[in-house]
Amino acid sequence: MKITHFCFENFKGYSTRTKIPLAPITAIYGQNSSGKSSIIQAMLFLSQAFLKEFTQNSFTEPFEDYLDFENIVYEHDTSRTIKLGIRAEFEYKNYEGLIGTLSSDPFEIYINFDKFTISSQNSHRCLSFEVFYDEEETPLIKGTFSGDHSGSYRFSPLVDFVDKNSKYLEIIASFMWTKWKELLDRHDLDSPNNIIRGLMRETKKDLGLLETPGFDPLNVTEEHFLKTVRYFWPVTTKEIFGSYDEYEGVVDEHLLDNKQSEQQVTEHASEDSDFLWTINKFCFGESFSPYSELTPDTIVHNLLDELRYFSREQMRVIGPFRRVLDRTPSRQRSSEDYVGLDGSDAFTILESNPVLAKSVQSALEDLDIPYDIAITPGDQNKRFFFVSLEQSRTKLSTTFKDVGVGISQVVPIIVQLSIGKNTAVVLQQPELHLHPRLQGNLAEYIAKRVLDQSKAVERAIVETHSESMALRWRKLVRKGKISKDMITFLYVERVGNRSTITEIKLDEEGDFTKLWPEGFFEERLEELL
């Protein structure tokens, strides 16, 4: 599965379903108060909600100033529901015989937050979710999942709605109809029983499953397949499939989980029931169709797992204000692979990892920062340590407190880009206190880390005002050092009371493929005129 977008709705200035493309490098630009930071805050809030298990504690630092739901929902309208999630593609490359026939399916999953969801009154922490197929406006799947009062959050989703009119079900039916015709063409058409036996051998199914009195494969139509998928796919869980021993119009207890399933069973008992039940065995068999593994519940499980991984395990956010290093840092740290929102754990991580410290020193040289970092114990018990800077040319020693703020701001970024595995590093205003040339060097270093084979960084999401960083990324594309598809620019602007986003790609020459709204950093020209 591949995550392609971060998605949200009704969060702060965004009132509609908004999808943020997650390229290897996603650069977010826009004027002040346009809604750039809201994108990062939405990511951070989702991450914190997972970490705090969807309780009122989700509003602890850095969201403690928001206090409650009212302060983050669009226009403070508490009747609205905040939706946070991802868009991901299911890839079918592991299914034999399907390459070239079916490549991938795009889904979006949203967790719904209302004023009750993360309040102290929601003792069972029950959350609702919605799954959309591609660009459809109606959810394909809806349901709930919940957790208990303690321990890690459990994912036990209950699917309580499936849209039988979704385009996705039509795609399933069309695909299976095509496979059915291909199988028929390879077998003796003179005898229905010969065809059925041939299908059994090829699909490795029990002969009895398709032996239905009066069933003639030659009379099956594509409409039968569409009816079958609409009737059976919503309830094709592995548990339910295991209970399909025979179909005699008997309602299985698993099918009565909701009114929709009961209605489906009633529909099964029609004049087409022989056709539909037999086709169902073909469509949702255990060893042939990929859709036997992509049932409603498995789709939800997979998407929730990806969402949890992205939000809780993968995302590493570094805020716009990195703490200036104290003269004697403590050894205590919160994580081994996260420097923290304010970067305060960066040097503690460095002190405990000499190999990483050497790598960071090499990065400082790449960035043309003329200092070496030295870390020494502060006492015999190693309760704290000293960090000093040695000027590369003069070898004179000093501290971070005694040099410009810029170096202390960039080191946590370098550390975070060098640790972890397949992380999504989110950087807010990484250019602060840096000279324009150093800003460009930092942009190039970010690209280098994303390209690095160690894959410490899978993607970087950068909120910035820096023209120098944009120009350097464009230069890297023009020089052929990175692909034009490696980076996407997002321009955020305020239209009335709403924030809107324009996605702008680069061509092979590093030029923008569409006009930048309001011009691209035109202020410099305006000041000269």
Side-chain angles (χ1 to χ4, degrees), residues 2-7 14 18-40 87 89 106 135 320 366-368 410 413 417 424-432 434-452 457-495 498-529:
K2 177 183 177 182
I3 298 175
T4 61
H5 295 74
F6 173 72
C7 309
Y14 295 89
T18 303
K19 303 167 192 176
I20 306 300
L22 298 177
I25 300 175
T26 302
I28 305 173
Y29 284 82
Q31 296 184 9
N32 294 107
S33 300
S34 59
K36 301 187 307 300
S37 297
S38 295
I39 298 172
I40 310 302
R87 180 182 175 95
E89 292 183 354
E135 299 296 332
D366 290 345
L367 292 170
D368 201 20
V410 78
I413 295 174
L417 290 169
V425 178
V426 182
L427 303 174
Q428 291 186 276
Q429 310 298 332
E431 75 276 11
L432 289 183
L434 300 182
H435 183 275
R437 180 169 58 85
L438 187 50
Q439 294 177 24
N441 291 348
L442 180 58
E444 187 164 350
Y445 182 74
I446 291 171
K448 177 182 177 181
R449 294 305 303 159
V450 173
L451 286 172
D452 191 88
V457 182
E458 181 175 324
R459 56 173 60 98
I461 302 163
V462 184
E463 176 203 347
T464 177
H465 292 285
S466 173
E467 180 180 15
S468 297
M469 296 184 76
L471 292 173
R472 182 65 62 88
W473 283 320
R474 294 175 62 188
K475 179 181 178 180
L476 292 175
V477 172
R478 186 171 64 254
K479 296 292 186 180
K481 293 185 177 181
I482 64 174
S483 165
K484 64 182 178 62
D485 297 322
M486 184 175 168
I487 183 167
T488 188
F489 289 84
L490 303 179
Y491 188 81
V492 183
E493 56 186 334
R494 195 80 171 180
V495 179
R498 294 174 50 202
S499 295
T500 62
I501 297 175
T502 301
E503 180 181 3
I504 305 176
K505 296 273 193 179
L506 297 179
D507 61 20
E508 290 81 358
E509 297 299 318
D511 294 325
F512 293 118
T513 56
K514 65 174 68 171
L515 292 177
W516 192 273
E518 300 181 9
F520 180 66
F521 291 105
E522 61 188 9
E523 292 83 2
R524 178 171 51 181
L525 178 61
E526 291 177 351
E527 292 295 333
L528 291 173
L529 295 178

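We use all heavy atoms of the structure for the numbers below, so side chains are in, but hydrogens, waters and symmetry mates are not.
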Next on the checklist: For a side-chain contact (heavy atoms from CB on, under 4.5 Å) check, start with the C-alpha distance between Leu451 and Met486, then their side-chain angles and the critical distance, and finish with the verdict.
Outcome noted: CA-CA 9 Å; Leu451 286 172; Met486 184 175 168; 3.5 Å; yes
Item to check | Intermediate values then yes/no, side-chain contact (heavy atoms from CB on, under 4.5 Å), Lys36 and His465 | outcome: CA-CA 10 Å; Lys36 301 187 307 300; His465 292 285; 3.3 Å; yes
Next on the checklist: side chain to side chain donor-acceptor pair (under 3.5 Å) for Ser468 and Glu431? Distances and angles first, verdict last.
Outcome noted: CA-CA 9 Å; Ser468 297; Glu431 75 276 11; over 6 Å; no
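To the nearest 0.5 angstrom, Ile20 atom CD1 is 5.5 Å from Leu490 atom CG. Between the CZ atom of Arg472 and the NZ atom of Lys481 there is a distance of 8.5 Å, given to the nearest 0.5 Å. Note that NZ of Lys448 is 4.0 Å distant from CG of Asp366, once rounded to the nearest 0.5 Å. With rounding to the nearest 0.5 angstrom, the CD1 atom of Ile413 is 5.5 Å from the CG atom of Leu442. Rounded to the nearest 0.5 Å, atoms CG (Asp452) and OH (Tyr445) are 8.5 Å apart. Leu427 CG to Ile28 CD1: the interatomic distance, rounded to the nearest 0.5 Å, is 10.5 Å.
The two residues Val477 and Ser483 have their closest heavy-atom pair at CG2-O, 4.0 Å. The minimum heavy-atom distance between Leu367 and Asn441, with the atom names listed, is O-ND2, 3.1 Å. Contact detail for Val462 and Ile446: the closest heavy-atom pair is CG2-CD1, 4.4 Å.
Between Phe489 and Tyr29, the ring planes are tilted. Angles from 30° to 60° get that label.
For the pair Trp473 (side chain) and Ala443 (backbone), a donor-acceptor distance under 3.5 Å is present. At distances below 3.5 Å, at least one donor-acceptor pair connects side-chain atoms of Thr26 with backbone N or O atoms of Pro21. A donor-acceptor pair is defined here as one N or O able to donate and one able to accept, closer than 3.5 Å; no such pair exists between the side chain of Glu458 and the backbone of Ala424.
Side-chain contact of Ser37 with Glu463: a donor-acceptor pair under 3.5 Å is present, judged by distance alone. Between the side chains of Ser34 and Arg494, no donor N or O sits under 3.5 Å from an acceptor N or O. Inspection of the Glu503 and Thr488 side chains reveals an N or O donor paired with an N or O acceptor under 3.5 Å.
Checked options Gln428, Gln439, Met469; the residue passing with Thr464 is Met469 (criterion: side-chain contact (heavy atoms from CB on, under 4.5 Å)).
The pair Arg478-Glu509 does not count as a salt bridge, with every side-chain nitrogen at least 4.0 angstrom from each carboxylate oxygen. Salt-bridge check for Arg437 with Asp368: passed, with a basic side-chain N closer than 4.0 Å to an acidic carboxylate O.
For the pair Arg474 and Phe512, the cation sits on the ring face: its NZ or CZ lies under 6.0 Å from the ring centre, inside 45° of the axis.
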